[in-house]
Amino acid sequence: MPKVKHPLNILPASAETHTQDTPPAAEPPATYTTTLRPAQIAPSRTNPRKTFNAAALAELAASLQQNGQVQAALVRPLPASRLQDTFEDRQPGDPLPEYELVVGERRWRAARSVGMPLRVEVRALTDLEVLRIQIIENLHREDVHPMEEAEGYDQLLHHSAEGISIEQLAAEIGKSRAYVYARMKLTALCKEARDAFYGGAFDASVALLIARLGHADLQVKAVEDIAKQAKALGMPASYRSIRDVLAKRYHLALADAYFNPADATLCPTAGACTTCPKRTGNEPELFADVEAKDTCTDPDCFGRKRTLAVAQTIAQARSKGQRVIEGEEAAGLCNKYTGYLQGHTPINDHACQDPDGIEYTYADLLLKQGKKAPKPALFINPHKPDSLPTEAITDAEADMLLARYATKPGTPPKNETPAAARQRQQQADQAAAHLQRQVDKQTEEELIAAIATKVDQPRTHQDLILMVVAMCAQDFDDAIAAACGVGLEAVDDMQDAADCEGACIDAMQAMTGPQLAATAMRVALYTQQQYIASNTALHLAARSHGIDPDTIRLQVEARLAKQANDAAGAADADPDGDSGETTLVNVRAGCALHG
């Protein structure tokens with residue numbers, strides 16, 4: 001039987017290259033093949049593979065008995081450092097092990113289970129050589145778990161006496177540095193995340209997203225979010241969907257921070273964000289999929305810094321004698337829903353534009369007035385106490401500043417050229433449009449706040465129309481139009497979604513109350529199917545009508561299973577055709593919105 005060649009040529013050049021834990025050189029052949037009883041062999045403490053399928057081991061044991069051993073296992077003479085633990089761990093009646101297993105633990109376990117001897121190749125190997133062989137050997141097996149692979153790399157890089165670099169490891173396994181970094185990052189998973197990973201709740205690409213969050217509490221929350229998402233969908237969510245959800249909840253733009261990211265003194269235990277490894281730009285190989293490089297991936301730390309920055313701002317304001325409006329007084333002035341300050345103007349709001357096109361905020365006008373300028377107060381939003389405080393003056397003070405410094409409409413500067421006049425008029429038009437947008441926005445905010453006080457009253461016809469329009473999220477299409485009773489011919493003649501929305505509103509205006517309620521329900525069901533992640537409300541609504549969601553699910557599972565079986569049969573009968581192709585997309589394509 002020819003010897004099995006190992007992919008790495010790592011035999012020591014001489015006895016002097018052996019490490020301290022290599023067995024004393026009694027100079028048998030450097031490599032030889034023999035047969036040993038499994039009890040003569042101690043399993044390796046560094047084998048990356050930690051999980052073994054019992055059924056697969058039973059099949060392997062039966063194969064060994066029937067067909068014999070095809071490939072020899074690899075062992076080395078037992079290092080002196082292992083004598084004590086092998087003495088303590090051996091079974092009663094077993095001899096003291098003389099060899100340590102390097103590669104082939106599944107064969108060793110299978111042979112031990114049926115009392116068969118094991119054919120082995122014996123080599124004199126150092127600890128580092130053993131780790132290298134184990135990593136390479138396991139990497140070439142399809143069933144090795146990525147977590148075991150990561151732990152093996154970690155041992156090889158950080159927990160062996162000799163050690164190697166990431167560059168050397170990447171070259172030896174034929175992978176990129178980014179691949180090794182990504183696998184190594186999996187070792188940052190907390191126990192709960194590792195258990196979920198081993199349990200098949202997500203794959204390695206999703207596990208890396210979780211590992212990059214760093215803090216164990218955040219990882220646990222992320223695992224829970226992923227489980228909820230899978231439950232809501234009835235199947236595991238896609239990588240892209242999970243990535244987007246985690247990014248939305250756990251990735252924060254440092255450019256929008258309420259504090260200076262370069263300030264290392266704000267939170268000394270965390271240091272500056274600019275040098276933190278949890279900033280995406282500082283770990284480009286781990287966050288290659290994140291376009292924004294100035295992003296924080298630790299919301300807890302970000303939140304602590306934000307709270308400290310707010311407290312610091314308040315303390316500085318008080319030390320300068322600035323008025324701070326907070327608590328009940330602030331609650332009476334600050335709209336809970338919009339954040340709009342009643343009777344006050346934030347000093348960073350746009351104030352006016354001069355004839356040369358230069359924009360001015362109210363803060364700029366306060367600087368112009370100098371020492372006689374009114375003193376802005378510091379508002380602390382009582383509904384969001386960790387949001388950035390706002391400096392504001394009264395509306396009367398803002399009007400006074402505009403009256404004094406804003407250029408009067410239509411007043412041309414001296415010696416104005418025709419080109420400058422056109423530019424001035426254009427700027428005036430832009431200013432008027434800007435003002436109109438502000439009026440529209442503020443009017444809408446105040447209107448929403450006013451209507452919100454009526455939510456406990458009986459619903460009106462117009463309330464139901466508003467809810468239908470809100471559910472559509474400005475995404476009116478043919479199905480929504482059909483639900484509202486607008487014919488497709490009319491939709492074809494429309495220019496855009498705004499026309500479709502107007503036609504739908506007109507149609508709903510003419511409906512009776514029950515008709516409008518039925519339409520709202522159809523649209524709610526449609527938007528549930530298209531856009532909503534959670535189906536809790538859908539299940540509650542179904543049960544209110546005597547419909548059992550669990551029964552529906554069982555019926556769907558049975559129907560899809562039959563379709564899949566029928567498709568498989570058709571594919572067997574027509575292996576080159578596509579008549580058996582049935583997917584969830586095909587099934588969902590049959591779900592139409594019925595009026």
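Numbering of residues begins at 1 and proceeds along the displayed sequence.
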In terms of heavy-atom contacts, A262 and A272 come closest through O-CB, 3.6 Å

Between I166 and Y181, is a side-chain contact (heavy atoms from CB on, under 4.5 Å) present by the stated rule, with each step listed?
CA-CA 8 Å; I166 283 184; Y181 271 113; 3.6 Å; yes

message: Before you tell me yes or no, could you show the steps for K185 and E283 under side-chain contact (heavy atoms from CB on, under 4.5 Å), namely the whole-Å CA-CA distance, both residues' side-chain angles and the distance that decides it to 0.1 Å?
response: CA-CA 11 Å; K185 188 62 180 178; E283 294 284 353; over 6 Å; no

Distance col, row S165:OG vs R177:CZ, nearest 0.5 angstrom, shows 9.0 Å

Check whether any side-chain heavy atom of Q229 sits under 4.5 Å from a side-chain heavy atom of S241, and report yes or no.
-> yes

Review point. Can you find a pair of side-chain heavy atoms, one from E192 and one from Q219, that are under 4.5 Å apart?
Key: no

### Query
Can you find a heavy atom in the side chain of P284 that is under 4.5 Å from one in the side chain of K293?
no

Any donor-acceptor pair under 3.5 Å linking the side chain of R109 with the backbone of A61? no

Nearest heavy-atom approach of L101 to P43 is CB-CA, 4.2 Å

* Asked: Short question: side chain of R194, backbone of L189 - any donor-acceptor pair under 3.5 Å?
  -> yes

Please determine whether side-chain contact (heavy atoms from CB on, under 4.5 Å) holds for the pair R123 and I133, giving the CA-CA distance in whole Å, both sets of side-chain angles, and the decisive distance to 0.1 Å. CA-CA 12 Å; R123 292 192 206 174; I133 292 172; 4.1 Å; yes

Nearest heavy-atom approach of P268 to T265 is CD-O, 3.5 Å

Exercise. Decide yes or no on side-chain contact (heavy atoms from CB on, under 4.5 Å) for L266 and N260, but give the supporting numbers first.
Key: CA-CA 9 Å; L266 179 63; N260 178 8; over 6 Å; no

On a heavy-atom basis, the closest approach of A188 and A211 is CB-O, 4.1 Å

Separation between CG (D263) and CG (L308), nearest 0.5 Å, reads 10.0 Å

- Task: Please confirm whether the backbone N or O of G303 pairs with a side-chain atom of T307, one donor and one acceptor, at under 3.5 Å?
- Result: yes

Output for pair (R107 CZ, L57 CG), nearest 0.5 Å, gives 12.0 Å

Closer than 4.0 angstrom, basic N to acidic O: yes or no for E224 and K228? no

Taken to the nearest 0.5 Å, the spacing of L388 CG from I380 CD1 works out to 9.0 Å

_Validation row: F202, I242 side chains within 4.5 angstrom (heavy atoms)_ = no

Kindly say whether C276 contributes a backbone atom to a donor-acceptor pair with the side chain of N282 at under 3.5 angstrom?
yes

Distance col, row Q322:CD vs T313:OG1, nearest 0.5 angstrom, shows 10.0 Å

Quiz prompt | Check: P38 main-chain N/O paired with R112 side-chain donor or acceptor under 3.5 Å | solution = no

Nearest heavy-atom approach of A182 to L208 is O-CD1, 3.6 Å

Checklist line | Carboxylate-amine/guanidinium proximity below 4.0 Å for E149 and K175 | finding: no

Validation row: R212, T297 side chains within 4.5 angstrom (heavy atoms): no

Given side chains that start at C-beta, do those of C273 and K305 come closer than 4.5 Å, heavy atoms only? yes

Worksheet entry | D195 and K191 ion-paired at < 4.0 Å | yes

Are the side chains of L186 and F197 in contact, using a 4.5 Å heavy-atom criterion?
yes

Rounded to the nearest 0.5 Å, the CG atom of L254 sits from the CG atom of D294 at a distance of 4.5 Å

Note: L218 and P299 closest approach over all heavy atoms is CD1-CD, 3.3 Å

Counting C-beta onward and ignoring hydrogens, is there a side-chain heavy-atom pair between D154 and M184 closer than 4.5 Å?
yes

* Stepwise ring-ring contact (aromatic ring centres under 6.0 Å, His included) check, F302 with F259 -> CA-CA 9 Å; F302 189 98; F259 51 86; 5.2 Å; yes

